[in-house]
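These notes are about the structure you will find just below.
Every chain is numbered from 1, with letters handed out A, B, ... down the list of sequences.
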There are 2 protein chains.
Amino acid sequence: MGSGYVTLEQVARHAGVSLATASRVLNGSTRQVGEELRRRVTASAHELGYLANASAQTLARNTSTLVGLVVHDIADPYFSSIASGVTRSAEEQGLIVVLGTTGRAPRRETQLLATLRSHRARAVVLAGSRTVDDETGGGLAEEITMFTRQGGRVACVSQEGLPADTVVPDNRNGAAALARHLVDLGHRRFAILAGPTDLRTARDRLDGFHSALSAGGIALDPHNVVHGAFTRDGGYESTRRLLATGTDATCLFAVNDVMATGAMAALRDAGLRVPHDLSVAGFDDIPTLRDLTPGLTTVRLPLEWMGEKAARLALEEDPPAEARTVSVAGEVVVRDSTAPPAGA
Amino acid sequence: MGSGYVTLEQVARHAGVSLATASRVLNGSTRQVGEELRRRVTASAHELGYLANASAQTLARNTSTLVGLVVHDIADPYFSSIASGVTRSAEEQGLIVVLGTTGRAPRRETQLLATLRSHRARAVVLAGSRTVDDETGGGLAEEITMFTRQGGRVACVSQEGLPADTVVPDNRNGAAALARHLVDLGHRRFAILAGPTDLRTARDRLDGFHSALSAGGIALDPHNVVHGAFTRDGGYESTRRLLATGTDATCLFAVNDVMATGAMAALRDAGLRVPHDLSVAGFDDIPTLRDLTPGLTTVRLPLEWMGEKAARLALEEDPPAEARTVSVAGEVVVRDSTAPPAGA
DNA sequence: CGGCGGTTGGAAAACTCTTTCCCTGTGATC
DNA sequence: GATCACAGGGAAAGAGTTTTCCAACCGCCG
């Protein structure tokens, strides 16, 4: 009632038992405590309004109830969908999630992991897709190793090649399936908003799309592949640059939905109609963007599920020694932003 | 090197100094340490790969570097925008944010606050808008009091009446300004998707809109006010119910953008054109939804800024004793989803 | 009735820091 | 040269739990 804290010792004294007994009652240890004492302790704890000091527990147990979640940008609906899945898994198990944002700075990822390690976090989910250049990670792999060596677990979403469990979308095949669909529609000349050159996810989608075209005997004009930021504004900007060059493409593939959104805006601003003048397709099937008009043809990824799955992998009871990889297939979702080309 | 942890004691021994000195060097206390020793300690720490144990520090200092953030649903772009602002503020100050989601359960809010308290969190930002019925809070106000009494600070976004700093949008005036604009366009018969009946934010927006209409001598048919969930699907569903009753409205106001999104989808599915057959307006100006077509007329709220501001209030150096309230004005943003009614 | 496995309770060590208190040495002041 | 203030260093006392280890006790078996 005063302004101080109620400690376990006070509870123990109030109940007339030892510290050990009080601890055993209030934090379900393996040891049994007799009916009578158990009752007295819980009554005292309730009466005094006891709330355990989490840091003392973490210190004594050498493990906390924290789960880390590292994303590039929580305002990006791609990441907030994943975050939603991760928090669901974590909260289901009574754990609390700490959210770190990197702003796409690889060093920050390593830094956050160290912080999480210093907090004895149980696990961490790394959701930022990584750059191709492994060395820019600033010792990410090394930091992951330290983290796991100290008893923590790590799971990644959409980042291969790290010493950790991984949930990874099948970007190549998804993009390839999309390409085949678009070719079936009659398209032959494609433009691609390919995102950053060094982003693994972006590159895989480009590659998958490209090789499906090649397999169909269709060439891709290098002038029709433009790189830019992996964001809505990046898509807008890239599209403007593309249009400035006077592209002959009949279909535009943006390697993610948020870029596709920017592209549709740029096309609209340029007076072009989708899909009449140009078909547009994206990748991810971001829930928030499903209400765009025309509806965006895209490749659906179960983002929330992926976050949930990653968290589950990292929080499993007795994990196998080997790092596992869960591959997630994408499903082509056809909506109104794509149509046969005007000439067809 | 081994699999154990490097403790401060090991660093001290390695550097040939006392624990106290090592602590002072590595954690910038008020006390000075001589040049030579300081150098030796930092060198040892670096060489051994020392990483402070955060829970031990929290226990000793009785305060942590954690900042809580409580939202209803992180996948909702309204909350992820706010979250983005909060994390920015927090990370600027070297703090880490723990994210809790309530799924709109008031009790969960209280529960999360207690957890945060047990972690000695510095501050917490409560971003879920609250229900009208104060008593369903499950002791929220009480829990806030305990939290602050223990040295933590609390700030709310969009929740008035709590004993904490508050950043609150001027929902009434924003909605009123929007109403006046729509009346000026020529509308006289309105329908409103009013959200949940017990949600303060929803009610204020409804009231503001309603009173501006009254002031203009315009009545609101109760049949044209439909309540439902504060989500995209809630908006869709409410709109379907509205259409089923055969409304005579020429303009539809949804009390937030995500509901408006659902409304536009429902209208499209019903074969109605926006704004030709019916004008639609929302509230919030969610960034992700700015690319809807037709562009949604709405009231802009600086969501990221609000999150940032709330965090800043809660993290201020020496806060005044009184709880402060920062009111944020909304700005009417006119886009293509609204137009003069067909008859005009 | 002595010994024995199995419970239940408590004392105390451990966990890793921070911070108070005390001691020493130094240069300045009278 | 004695005194003083002060700066820098260390020993040790916390901070609030968990958990190990030991003692006591109970009922049973031989």
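Distance alone, capped at 3.5 Å, places no donor-acceptor pair between the A:Thr166 side chain and the A:Val168 backbone.
With A:Leu66 as the fixed residue, the side-chain contact (heavy atoms from CB on, under 4.5 Å) test singles out one of A:Val124, A:Val98, A:Thr58: A:Val98. Between A:Leu313 and the choices A:Thr325, A:Val125, A:Asp165, the side-chain contact (heavy atoms from CB on, under 4.5 Å) rule is met once, by A:Asp165.
For DNA chain C, the neighbouring residues in residues 33-46 of chain A, judged by any heavy atom under 4.0 Å, are A:Val33, A:Gly34, A:Leu37.
Side-chain atoms of B:Met146 and A:Leu51, non-hydrogen and from C-beta on, never get closer than 4.5 Å to each other. Between A:Val41 and A:Val33, every side-chain heavy-atom pair lies at or beyond the 4.5 Å cut-off. Two residues are said to be in side-chain contact when any heavy atoms from C-beta on lie closer than 4.5 Å; A:Pro106 and A:Leu140 fail this criterion. Proximity of B:Glu92 to B:Leu315: side-chain heavy atoms (C-beta onward) are nowhere separated by under 4.5 Å.
Looking at B:Arg38 and B:Glu35, no side-chain N of the basic residue comes within less than 4.0 Å of a carboxylate O on the acidic one, giving no salt bridge. Between B:Glu316 and B:Arg153, none of the side-chain N atoms (NZ, or NE/NH1/NH2) sits under 4.0 Å from a carboxylate O, so this pair counts as no salt bridge. Between B:Glu9 and B:Arg13 there is a salt bridge, since at least one side-chain N of the basic residue sits less than 4.0 Å from a carboxylate O of the acidic one.
Remark: B:Ser44 engages B:Val11, B:His14, B:Ala15 in a side-chain contact (heavy atoms from CB on, under 4.5 Å) (not counting sequence neighbours). With sequence neighbours excluded, the residues forming a salt bridge (Lys or Arg N to Asp or Glu O under 4.0 Å) with B:Glu91 are A:Arg108, listed by chain and number.
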Letter per nucleotide, 5' to 3', of nucleotides 13-21 of chain D [B base touched, S only sugar-phosphate touched, - untouched; heavy atoms, 4.0 Å]: --BBBBBBB
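Along DNA chain C, read 5' to 3', the first and last nucleotides having any atom under 4.0 Å from a heavy atom of chain B are C:dT16 to C:dC21.
The rotation axes computed at either terminus of the helix from C:dC1-D:dG30 to C:dC30-D:dG1 lie 60° apart, taking five pairs at each end and rounding to 10 degrees.
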